[in-house]
Structure formats: C-alpha cells, structure tokens
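What follows is a set of notes on a single structure, which appears directly below.
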Amino acid sequence: MKKWMVLSAVWLVSLQVFGQQRLFVEAESFENTGGWVIDQQSFDVLYSSYLMAHGMGKKVADAETEVEFPQTGTYHVWVRTKDWAPFPKGPGAFRLHVGDRTLEKTFGADGSAAWQWYYGGAVDVTEKRTKLKAEDLSGFNGRFDAIYFSTSKNDMPPNDNLELLTMRKRMLNLADGPIEAGHFDLVVVGGGIAGTAAAISAARMGLKVALIQNRPVLGGNNSSEIRVHLMGRVDQNHYPRLGRIVRELDNGDPGNGNPDAARYGDLRKMEVVAAEPNITLYLNTHVYEAEMDGTKINAVVGRHIRTNEEFRFTGTYFSDCTGDGTLGYLAGAEFRMGRESREETGESLAAEVADDFTLGTSNLWASLPKNEASSFPETPWAIQFSDEYHIDDHKADWQWETGFGNFNTIYEAEEIRDHNLRAIYGNWSYLKNHKSDKYKNHELAWVAYIGGKRESRRLMGDHILTQMDIQEGINYPDGCVTATWTIDLHFPDEKNANYFKGEEFFAATKHIKVKPYTIPYRSLYSRNIENLFMAGRNISTTHVAFGSTRVMRTCGMMGEAVGYAAYVAKAFGTSPRGVYANHLDTFMGIIESPLNVLPVVPLPKN
C-alpha cells in the first residue's frame, strides 16, 4: 500500500512551568498560509522552515491559524524574524494580529539581517481558542520563523540556533523520538531528477524504496518551483538500458524560467512515481540527521517542513541525491568543496591555487505583457541600476547567478537567494520606471523563491573523475553513465563584475566541447561510508570535471545506474564497493542488456 506523507496538521505546544504559561507556534504550521510560502532552504542553518510573503511586490493574502492557550490572561509576545534587505531598511514589513488585537509593533524591517526574536508587547487573551493572523504589508518577502507567548516578560527564547532546536523539540513534543517509517532496501534522500530516477530504477528491480524529498514536488531544478530545463543527451548512451527512466520523466524543453509552470511536468513525475508499488514517497521531509554504526549508515531522520513531525528511516543502502551532499556530510563521508589547484589535479583548466570558488545559484524570473499599463515601485533597498548599466530583458535565463565563492552555497543559501531577489527587483524597477515605453504593459509573472543550485559538496568515491578522463575519453571497465555535456564552468560576467565587484549576480561561461565519455561506477559510491551511493551533481569528480557531469539528464542516468547497483548489492549481500570488486559483470550485464531482456539474480528473501 502506498503511503503519501503530505500532512497538514498544525504543530504548536503550550506548557506550564512553575505557574508560567507558554505557547510556541511554528510559522510554517499555520493552518491557512494564505499567500505566504513555506521556505525550508535554510533548514541546515536554522533547523526550521519559515513563512515568507513572496508577492513580487504585491501584498499577499494573510496567513491565519487558530491556537489554544493554556489559559486566558496577559501574554508577552515575541516573533522570530529578520530584515532580509537592510539597506538601510528592507521592505519585508508585516503585522501580527492576536484575536481582535493588532500588535503595535511592525516586524521585518528593523535594519538587522540576523534572525532574532523581537518583542511585540503584551496582549490580553480573553479566549483560550484564539486566531492568529500574519498580515503582509508590501509583498516583498517579509518572513517569520515562529511566534512565542509567555506570561513572563523575562522568558525570551534563545537566539542561538542549536539552543533553539532543543527548545523546539521540547515545545513540539519531539523529544521522545521520531515516528518509525519502516525499513527499506534503499533509502533515497533527494527527489530531483537523479533521486527520482534512482528510486524508480531500484523499485522496478524489486527493492523496497523510500524516496524522501524536502519540497512538495519532485524534480529539483527541473520542477515548477525552479524551472531549469534538462540538459545532456540520453540518445548517445553506450548502454541501452540507461536513459529510459529519464525519458519517462522528461516533459520536453520549455527553456529556463518559462512562466508556464505546467511545462515542467510536476504531475508527470508524480504519476510515474505513483505507479511504482515498491516506492514509498515522503514529500516535504528534510533529512537532517544520520545514525551511524561505525562507517555504516543505519538510519536517517527527517522532519516534515510544515507539520514538524519527524520520521526515522532504517535501510540497508542509502543514496545521497540531495545535490548538496547533505546525507554524506551528516554521515561523515569525505567530500570536497571548491576548486582544486592545478598542481594537485594536473588539470589544465584547474585554478592555480585551490580556493572556495563554486558555481552559483540562480533564481529565475519572467514577465508577461498585459493589456493595460502597470506600475512597479522604486526599490531603494535593492541593487541599483542606471542608464549606464541595466539588463534589458523581459525574463531571466541561466546567466542570473549568484555565488562564485562570495557566498557559501549551503550555509548562506538564504543570503544568495535574497541577493538574487535584490538584483531582480532592482532591475525590474529600473525597467518599469525608466524604460516605460518598452515595459509599461509588462508585469512580473513569476519569480523563483527556491534557488537553483549548481555546485556545493562533491562526495569522494573510489574514483575521482578528472578533466583528463573526460577529454581523453578513457573507457574504464566500470564506465557506465554516458555524458555528453561540455565542460561548462561559470564565472562572473566581466561587465557585471566591473559594476558590482564582489556582489556579482550575472554569469558568463566558456564551453569546452567533449566527445561522449563514460562516468565510472566507482564515482557513484562513497569511499569511506560503506553503504552510501550518490547520484547527481554531488558525485566524485574534480571541480573541472563537475562542469560536465552536473546537467540533469546525465544526473538522472546516474540515478538509474545506482538503482541497478543497489539491486546487485542486495542480491549478493555486498556493499557498493563489493559490486565493483566482485560483481561488476552482473552490474554491467544489466545496463548493457536490451530493454526487453533483463538478466535477473534472485533477491534474498527477507
């Protein structure tokens, strides 16, 4: 029986401590989020999701919920929020209503970029069941993490994220441990193209699979939330079996940032997964803990990004398809991040000196023409443009990109996204107000609030793919996934860098053409975590080689290969490394076989 973990319960807890009454409300758990969106991108920093008023400059509908206080009386109120664009003060203002009372304080525009608790005053609660309402005042991405009520004014919660995590677990009744989700042959963490393909591949071979995705849709960068088109080719594959699942998930090529969300095929991906009885899908679940037995993963723990319920998944094998290498990092897998030096790798395209430079993150956007003229406000808090420099276009493409070593793509994901938003809104404000003849009838149709990442951690396997492997076309015995994309390493656009030195948001590239080559299977499993596979942009490569392997059709074929390898490992009771060392012929026989013929090794009975 398929189990779909898409829950909507509100999580809040009231406690009484030595006569003191307390109530903790998670923003993301509001029963009706209105026009506010749930953002989990900074979970690895905040250990929480939050609500954000992403209205593209238009006020969004109120978020509302009903809470139950432990008793009536006077409560002091704190709201955890930040000013996301304090230049000097940002546009993210909002109000909080408690029952029929509106707090006097306006939140979200205090001039500080740090997440912290802000005191909102005292409020008289006359009924235990009381409605809370968050009112957006601008439509420009105001946000809040949680609301805290206490009968003591000296009871402000901690600002330290780890201390607050302890408090969250206590207040949300999570201290007793997570719900047991069950045991799986393969636990796939990450539901992008790579993870979805891995889950389908393994399930069709008879493995019991958990597919865990921290967003409400599958597809990752190819979902309607991010809208990056699929690149790489599957029709030049050396092995006819690989690429079949990618083609099933492929909804065609709508380009980057298409304003029509349906063109990215969210429903198509969900239907393909739903047809697999061996897959249990957990959407909206962010894995943030790994339980280890030496160098082996026993279980992972994930928290639902809306309800805050926690689930524990035990497994025989695990696959990190998160892109960020999140599971590998939690498990202690060896990884690299940034560029290696030319001396270390011998690659002609490597940096002279190793550094933290990574390819950036994109937040795409698009506008559409309307029948009537419209306005857009001036944005003094955004990046400022001029006649001398602005980007004269009605939509974004891949070049809208922030990162390049100036920000950490994992721990500063929120800052990267916000920098992108300041560039988008600032440029659009300039176009609307200073090039009105061309853009007066255009309106923003869509702006991504989820960042499309390119590069972060790369988990090290028994083989590290290099520039030489790619350009020399070395055909290793375990070469499996055929890759076709150029070596495509982005860097700041020169003109953009001249105007925004250190704060670039626009990219350039130089494509180094390659002939089709194969990625060794040994780059698809961890060299020091014995039951961990990986597929996607986090596989074992150098920074230079990653420039070619990172595109999504190629990543999807990696997932397919991992699913087949997990089947072989299960059949022979071995590790991912054991598949290479002792059963490579069986693995290669599967991917080499025609689609209508499948060599089968019986799985052991549970």
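Inspection of the R417 and T361 side chains reveals no N or O donor paired with an N or O acceptor under 3.5 Å. In the model, S362 has a side-chain atom that pairs as donor or acceptor with a side-chain atom of R454 under 3.5 Å. If you check the side chains of R303 and S48, you find no donor sitting under 3.5 Å from an acceptor. Using modelled atom types and a 3.5 Å distance limit, the side chains of Y317 and N531 yield no donor-acceptor pair. Q467 and S348 form a side-chain donor-acceptor contact under 3.5 Å, judged by distance and modelled atom types alone.
Using the six-membered ring where Trp is involved, Y521 and F533 have ring planes that are tilted, between 30° and 60° apart. In this pair, W398 and H490 present their aromatic rings tilted. The plane angle is within the 30 to 60° band. Ring geometry, F313 versus F311: the interplanar angle falls from 30° to 60°, so the pair is classed tilted.
Looking at residues two or more places apart in sequence or on another chain, you find no salt bridge (charged side-chain N to carboxylate O under 4.0 Å, His left out) involving R268. Under the side-chain hydrogen bond (donor to acceptor under 3.5 Å, both in side chains) criterion, Y239 pairs with no residue at all, not counting sequence neighbours. Y476 meets the ring-ring contact (aromatic ring centres under 6.0 Å, His included) test with H463; sequence neighbours excluded. Residues passing the side-chain hydrogen bond (donor to acceptor under 3.5 Å, both in side chains) test with E472, sequence neighbours excluded: none. Residues passing the side-chain hydrogen bond (donor to acceptor under 3.5 Å, both in side chains) test with N161 are R80, sequence neighbours excluded.
S42 places no side-chain N or O within donor-acceptor distance of the main-chain N or O of V45, the cut-off being under 3.5 Å.
Salt-bridge check for K495 with D493: failed, with every basic side-chain N at 4.0 Å or more from each acidic carboxylate O. Of the charged side-chain nitrogens involved, none lies within less than 4.0 Å of a carboxylate oxygen, so that E530 and R577 do not count as a salt-bridged pair.
The shortest side-chain heavy-atom distance between L249 and N222 does not fall under the 4.5 Å cut-off. Taking 4.5 Å as the limit, some side-chain heavy atom of Q40 sits within range of a side-chain heavy atom of R215. A heavy-atom distance below 4.5 Å is not found between the side chains of Q399 and I391.
Here M270 contributes atom CE and S223 contributes atom OG; the two are 12.0 Å apart, rounded to the nearest 0.5 Å. Interatomic distance, D356 CG to R339 CZ, rounded to the nearest 0.5 Å: 10.0 Å.
Identified under the salt bridge (Lys or Arg N to Asp or Glu O under 4.0 Å) test for residues 503-524, with sequence neighbours left out: D478-R522.
In summary, of the residues considered (D324, T358, N538, T409), a side-chain contact (heavy atoms from CB on, under 4.5 Å) with E455 occurs for T358 alone. Here the options are E334, M292, M534, the test is side-chain contact (heavy atoms from CB on, under 4.5 Å), and the partner is I529; only M292 passes.
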| said: With side chain to side chain contact (heavy atoms under 4.5 Å, CB included) as the criterion, how do N363 and W400 come out once you've worked through the C-alpha distance, each side chain's angles and the decisive distance to 0.1 Å? | reply: CA-CA 7 Å; N363 288 83; W400 288 74; over 6 Å; no
